[in-house]
There are 2 protein chains.
Amino acid sequence: MSKNQAKNQTYLAEATIHIRDHCLCLHAQRAARALARRFDDALRPHGITSGQFSLLNVLNRQEPVAMGPVAKFLAMDRSTLTANLKPLERQGLVSIEIDPEDRRSRKLLITAEGRKVLRAAVGVWKREHAALESEIGVDPEPLRAGLRAIA
Amino acid sequence: MSKNQAKNQTYLAEATIHIRDHCLCLHAQRAARALARRFDDALRPHGITSGQFSLLNVLNRQEPVAMGPVAKFLAMDRSTLTANLKPLERQGLVSIEIDPEDRRSRKLLITAEGRKVLRAAVGVWKREHAALESEIGVDPEPLRAGLRAIA
DNA sequence: CGGATATGTTTTGATATCAATATAATATTA
DNA sequence: TAATATTATATTGATATCAAAACATATCCG
C-alpha cells in the first residue's frame with residue numbers, strides 16, 4: 001500500500017468513527033425506529049400503529065383539516081399522507097371528503113369510531129410515555145426542543 | 001349532547017393537544033423524516049440515500065461484521081437490514097459472504113467501490129451537518145444525549 | 001373566453017420498516 | 001448419535017417513505 005493510500009484509509013476511518021458518534025440524522029433514525037417499535041407494541045391491542053395514533057391525534061379537531069397543513073405539521077410528503085390515510089379510512093377511523101369550496105382539496109375528519117379508538121389509545125400513550133420519560137434518565141425538555149428545531 | 005359526552009370530548013381534546021406538543025415518538029418521527037429528506041437530497045449526486053450512507057459508515061471497518069451486531073447498532077430489525085443490503089449489494093458497494101466458521105452467519109464487507117463512494121459522501125456530510133448544527137440554534141449535545149438514551 | 005400557470009391530490013416505482021413465519025445451521029442433551 | 005432447542009438469516013405481507021410524473025381543478029392574464 002502506498003503512503004497516500006494509507007493516508008486516505010486513515011482519513012476515512014477517522015471520519016466514519018466521527019460520523020457514527022455525531023451524526024444527528026443517524027441518531028434520529030435510530031431513536032425514531034426504537035420509539036416506533038415501542039409504541040407500535042403498546043398500541044397493538046387497539047389495532048393501530050404509532051404513526052396512525054399520531055395522525056388520529058392531529059385529526060381530532062372540531063373543524064376538518066385539509067391535507068396540506070397536516071402533511072406539513074407531520075413533516076411528511078403529501079403523498080405519504082395519502083398513503084397513510086388509506087388503512088385508517090378502510091378501518092373506518094377517518095373519512096375523506098372533497099371540499100365543495102375547492103374541489104381539488106380534501107377535508108379530513110376523524111369518525112366517531114376513530115374517536116373511540118383514539119380515546120382508548122390515549123390511556124396507553126400516557127402510561128407508555130410516562131415510563132419512557134422515567135427510563136431515559138435525561139431531562140426530556142432539551143430533547144424535545146432539539147427535535148422541534150429540526151422539524 | 002349529554003353532560004358526559006361533553007366531558008369526554010373535552011378530555012380527549014385536551015389530551016390530543018398535550019400529545020401533539022409532548023409526544024417524543026411523534027417529535028422523533030418528524031425530525032427523522034426531515035433529516036432523512038435533507039441528507040437524501042444532499043447525497044443524491046452520489047447515488048446513495050442517508051440510510052445507505054449510515055450503513056456504509058458502519059461497515060467501513062478493517063474486519064468484516066455479522067448482521068446481528070449491525071442491526072443492533074442501527075436499532076433496526078434484522079429483516080430490515082437484510083432488505084437494506086440488497087440495493088447496496090446490487091450497486092456493488094458491499095459484499096455479503098457466508099461465514100465459513102458458522103455457515104448460518106454472513107460477513108458484511110464494504111467494497112473498494114463502496115469506500116470510494118463513502119469517501120466522496122463524507123465531504124457532503126461534513127458540509128451538510130455543519131450547516132444543520134448552525135441552523136438549529138440549540139446546543140446539539142443534549143439532543144444527541146437524549147437520542148442516545150432512547151436508542 | 002381561453003390558453004398558460006399554479007395548486008392540491010393521487011399514482012407509480014423504489015427503498016424502508018416491522019412482525020410473523022420459514023429455512024438453515026449450530027449447539028445441547030438425552 | 002439422534003432428537004430437540006437455539007441461533008442467524010431470509011421471505012412474506014402490510015404499512016411507511018419519498019420523488020417524479022400524472023391528474024384534476026382553480027386562477028391569472030391577454
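In what follows, chains are A, B, ... by sequence order, proteins preceding strands, each numbered from 1.
Residue A:Asp99 is classed as having no contact, given no heavy-atom separation below 4.0 Å to the nucleic acid. Heavy atoms of B:Ala36 sit nowhere under 4.0 angstrom from any nucleic acid atom. Within the 4.0 angstrom heavy-atom criterion, no nucleotide atom of any strand lies near B:Gly51. Residue A:Arg78 is in base contact, counting any heavy-atom pair closer than 4.0 Å across all strands shown. Across all strands shown, A:Ser105 has heavy atoms under 4.0 Å from sugar-phosphate atoms exclusively, and none from any base. Among the atoms of the strands shown, only primed sugar atoms or phosphate atoms (P, OP1, OP2) are found under 4.0 Å from some heavy atom of A:Arg106.
Each of A:Asp102 and A:Asp41 has a nearest nucleotide on DNA chain C; the 5'-most of these lies closest to A:Asp102. Sequence order on DNA chain D of the closest nucleotides to B:Ala66 and A:Arg104 puts B:Ala66 first from the 5' end. Residue whose closest nucleotide on DNA chain C sits further toward the 5' end, between B:Thr49 and A:Gly68: A:Gly68.
A:Asp40 and A:Thr49 share no donor-acceptor pair across their side chains, judged by distance under 3.5 Å alone.
The pair A:Glu97-A:Arg106 fails the salt-bridge criterion, with no side-chain N (NZ, NE, NH1 or NH2) lying under 4.0 Å from an Asp/Glu carboxylate O.
Counting heavy atoms from C-beta on, the side chains of B:Leu109 and B:Leu59 never come closer than 4.5 Å.
When rounded to the nearest whole Å, the span between CG of B:Leu81 and P of C:dC18 equals 11 Å. As rounded to whole Å, 7 Å separates atom P of C:dT10 from atom CD1 of A:Ile96. Atom CE in B:Met67 sits roughly 16 Å away from atom P in C:dA25 (whole-Å rounding). We find that CG of A:Leu85 is positioned 12 Å from P of C:dT11, with the value rounded to whole Å.
For B:Ser79 and C:dA19, a side-chain-to-base donor-acceptor distance below 3.5 Å is present, hydrogens and geometry of angles not being considered.
Bounding nucleotides for the chain A contact on DNA chain D, 5' to 3', at a heavy-atom distance below 4.0 Å, are D:dT15 to D:dA26.
The backbone N or O of A:Glu14 sits nowhere less than 3.5 Å from a side-chain atom of A:His18 that would complete a donor-acceptor pair. When atom types are taken as modelled, the side chain of B:Ser105 and the backbone of B:Asp102 share no donor-acceptor pair closer than 3.5 angstrom.
Ring geometry, A:Trp125 versus A:Phe53: the interplanar angle falls under 30°, so the pair is classed parallel (tilted spans 30 to 60°).
Heavy atoms of other residues, nucleotides or ligands lying less than 6.0 angstrom from CZ of A:Arg148 number more than 12.
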